Amino acid sequence: MNLGFRGEVVDFYHQYRRGYPPQVINALAARFELTADDVVVDLGCGTGQLAVPLARRVRAVVAVDPEPDMLARGRRAAAEQAIPNLSWMLGADTDIPALPALLGNRSVGAVTIGQALHWMNHHELFPALVPLVRPGGGVAIVTNGAPLWLQDSGWSHALRDYLENWLGTPLTRTCGADETTQQQYRDSMAAAGFQVHMESIDYTDTLDLPQIVGGIFSALHADHLPAPDDRPHFAEQVRRALEPHAPFTEHIHVPILTGRLV
Ligand SMILES: C[S@@+](CC[C@H](N)C(=O)[O-])C[C@H]1O[C@@H](n2cnc3c(N)ncnc32)[C@H](O)[C@@H]1O
C-alpha cells in the first residue's frame, strides 16, 4: 500500500498526534469487561496510540497496520517503554477473516480501531469480526477529535484558509468524524449482529505553534511533506495566519462507538 504514512511523516505522527486519555482506555475496558486474560487486536494501529496503553491492561495486544514505517516506529516506542506483550504485524482489514484460524475461535476480547476505519471496508469487516470475538467482547471505533483545520474556532478557520490556499484544493475530508459517517458505522455494526453503544469523552487542551505545524506534517502524504529547508518558511506562514487568533485552544471530542457480542 502507499498511503503516505512513511518516512518522516511517521515521526511527525508519533510526536505530534494526540494519543488517547486514560478515560478512553477505561471506557473500552469497562464496555468489554477486559481482564488480564484477554487478547486485543488493534487494527490500523499507527505507532500504537491505542495499542500501547491497552497492552498495560490485558494479556496481549496484536497491533496490525499495513504501513511498515508505522509499525517500526511503534515497535521502537514499545521497546523504549519495556512493554513485552505487544506484537506488531503487517496487515490490513482484509487479513481479519484469517485470524480466527490463527488465534482459535472467539478468543479475542476486543478489536479496536482508532481513527482508521475510514481506510477500511466496514461492510465486510464487521461480519468478519464476529467469529473472532468472545461473548461480551466486541469492536470499538474510536474517533480522535476533528482535524486541526476543521474545528469551530477562529484559529482553525484561519488554518483551513491557509492550507487550502497552499494545497490549492478544498479540505473537506473529516476522516470519519462527521455524523453521517458515524451513523453508517452504527448501522453496519448493528447489521453484523453487534449490540451498538455510543459514548464520548470530551476535554480541552491548548496547542502551541510547533504542535500545530507538526500536526499538519503528520497528516500530509509523505510525497507532499515540505523539504526540510522549506519548513521554517512554512511554519512562519502558519504563524502569521494564526497568531491573531491565539490562544490555540482545542475542544477534543472523542466518540467511542462500540459493538458488543452477547
Ligand atoms: C490516522 S492513522 C491512526 C493510527 C492510530 N490508530 C491512532 O489512533 O492514532 C490510520 C492508520 O490506519 C492504517 N490503515 C490504513 N488502511 C488500513 C487498512 N486497510 N487496514 C488497517 N489499517 C489501515 C494506516 O496505515 C494508519 O497507520
Side-chain angles (χ1 to χ4, degrees), residues 1-25 27-28 40-55 61-78 86-99 110-126 128-129 132 139-150 171 173-178 181 185 188 200-201 211 214-225 250 252-258:
M1 286 199 194
N2 179 11
L3 304 169
F5 290 110
R6 63 181 144 79
E8 282 183 288
V9 166
V10 169
D11 292 321
F12 284 115
Y13 197 100
H14 189 69
Q15 185 172 355
Y16 291 107
R17 276 300 174 102
R18 281 188 187 288
Y20 297 90
Q23 303 97 290
V24 172
I25 308 303
L28 296 173
V40 169
V41 174
D42 183 37
L43 183 60
C45 63
T47 66
Q49 285 69 19
L50 276 176
V52 166
L54 279 168
V61 173
V62 183
V64 181
D65 202 283
E67 288 283 34
D69 289 0
M70 287 294 227
L71 293 173
R73 186 66 190 82
R75 187 179 284 119
R76 204 171 94 210
L86 190 38
S87 308
W88 301 87
M89 293 199 172
L90 192 69
D93 55 327
T94 44
D95 292 301
I96 288 291
L99 277 187
V111 175
T112 56
I113 303 174
Q115 203 53 57
L117 189 60
H118 56 292
W119 296 101
M120 306 177 196
N121 181 337
H122 58 90
H123 297 292
E124 292 184 7
L125 175 63
F126 291 142
L129 296 177
L132 187 63
V139 55
I141 311 305
V142 187
T143 304
N144 205 1
L148 291 172
W149 50 89
L150 286 185
L171 290 176
R173 282 185 57 218
T174 64
C175 302
D178 61 287
T181 309
Y185 293 165
S188 158
S200 58
I201 305 291
Q211 286 172 314
I216 296 166
F217 289 169
S218 81
L220 291 175
H221 190 286
D223 295 342
H224 300 148
L225 193 63
E250 213 187 347
I252 303 115
H253 177 61
V254 184
I256 306 172
L257 169 62
T258 51

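All of these numbers come straight from a predicted model, not from anything done at the bench. Atoms within each ligand, like the ligands themselves, are counted from 1 in listed order.
Between the side chain of E124 and the backbone N or O of H122, no donor-acceptor pair lies under 3.5 Å.
Residue G46 has at least one heavy-atom neighbour below 4.0 Å for each of these atoms of ligand 1: 4 (C), 27 (O). Under a 4.0 Å criterion applied to the non-hydrogen atoms of E67, ligand 1 contributes the atoms 25 (O). Near A92, meaning under 4.0 Å from one of its heavy atoms, ligand 1 places the atoms 18 (C), 19 (N), 20 (N), 21 (C). Counting the atoms of ligand 1 from 1 in the order shown, those under 4.0 Å from a heavy atom of Q115 are 1 (C), 2 (S), 3 (C), 8 (O), 10 (C). Atom numbering of ligand 1 starts at 1 in the shown order; those under 4.0 Å from a heavy atom of M70 are 27 (O).
The side-chain contact (heavy atoms from CB on, under 4.5 Å) check on H123 picks up N121, S188, with sequence neighbours excluded.
Each of L28, V24, V61, I25 was evaluated against P53; a single residue qualifies, I25, per the side-chain contact (heavy atoms from CB on, under 4.5 Å) test. When each of L50, L125, L99, V62 is tested with L43 by the rule side-chain contact (heavy atoms from CB on, under 4.5 Å), just one qualifies, namely L125.
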Side chains of residues 140-149: which donor-acceptor partners sit under 3.5 Å, not counting sequence neighbours?
| unit_1 | atom_1 | unit_2 | atom_2 | d |
| --- | --- | --- | --- | --- |
| T143 | OG1 | Q182 | NE2 | 3.0 |
| N144 | ND2 | R18 | O | 3.0 |

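Of all heavy-atom pairs between S218 and G215, the closest is OG-O, 2.7 Å. Across all non-hydrogen atoms, the minimal contact from A116 to M120 is O-CE, 3.5 Å.
Residue Q23 qualifies as enclosed at atom CD: its count of foreign heavy atoms under 6.0 Å is above 12.
Evaluated by nearest non-hydrogen atom to atom 5 (C) of ligand 1, the leading choice among R6, H14, Q49 is Q49. Distances from atom 23 (C) of ligand 1 to the heavy atoms of P66, G19, G4, A51 put P66 nearest.
Inclusion of D42 in the set of residues having an N or O under 3.5 Å from an N or O of ligand 1 is not warranted. Residue G91 has no nitrogen or oxygen atom sitting less than 3.5 Å from a nitrogen or oxygen atom of ligand 1, judged on distance alone. Between G114 and ligand 1, at least one N/O pair is under 3.5 Å apart. The shortest N/O to N/O separation between H118 and ligand 1 does not fall below 3.5 Å.
At a heavy-atom distance under 4.0 Å, no atom of C175 approaches ligand 1. When non-hydrogen atoms are compared, ligand 1 lies under 4.0 Å from the side chain of F5 (C-beta onward) but not from its backbone.
Note on D223 versus R6: salt bridge recorded, some NZ/NE/NH1/NH2 to OD/OE distance being below 4.0 Å.
Assignment of D93 to the shell around ligand 1 is supported, since a heavy atom sits closer than 4.0 Å. At a 4.0 Å cut-off, at least one heavy atom of D65 sits close enough to ligand 1 to count as contact.
Note that the CZ atom of F126 and the CD1 atom of I113 stand 6.0 Å from one another [nearest 0.5 Å].
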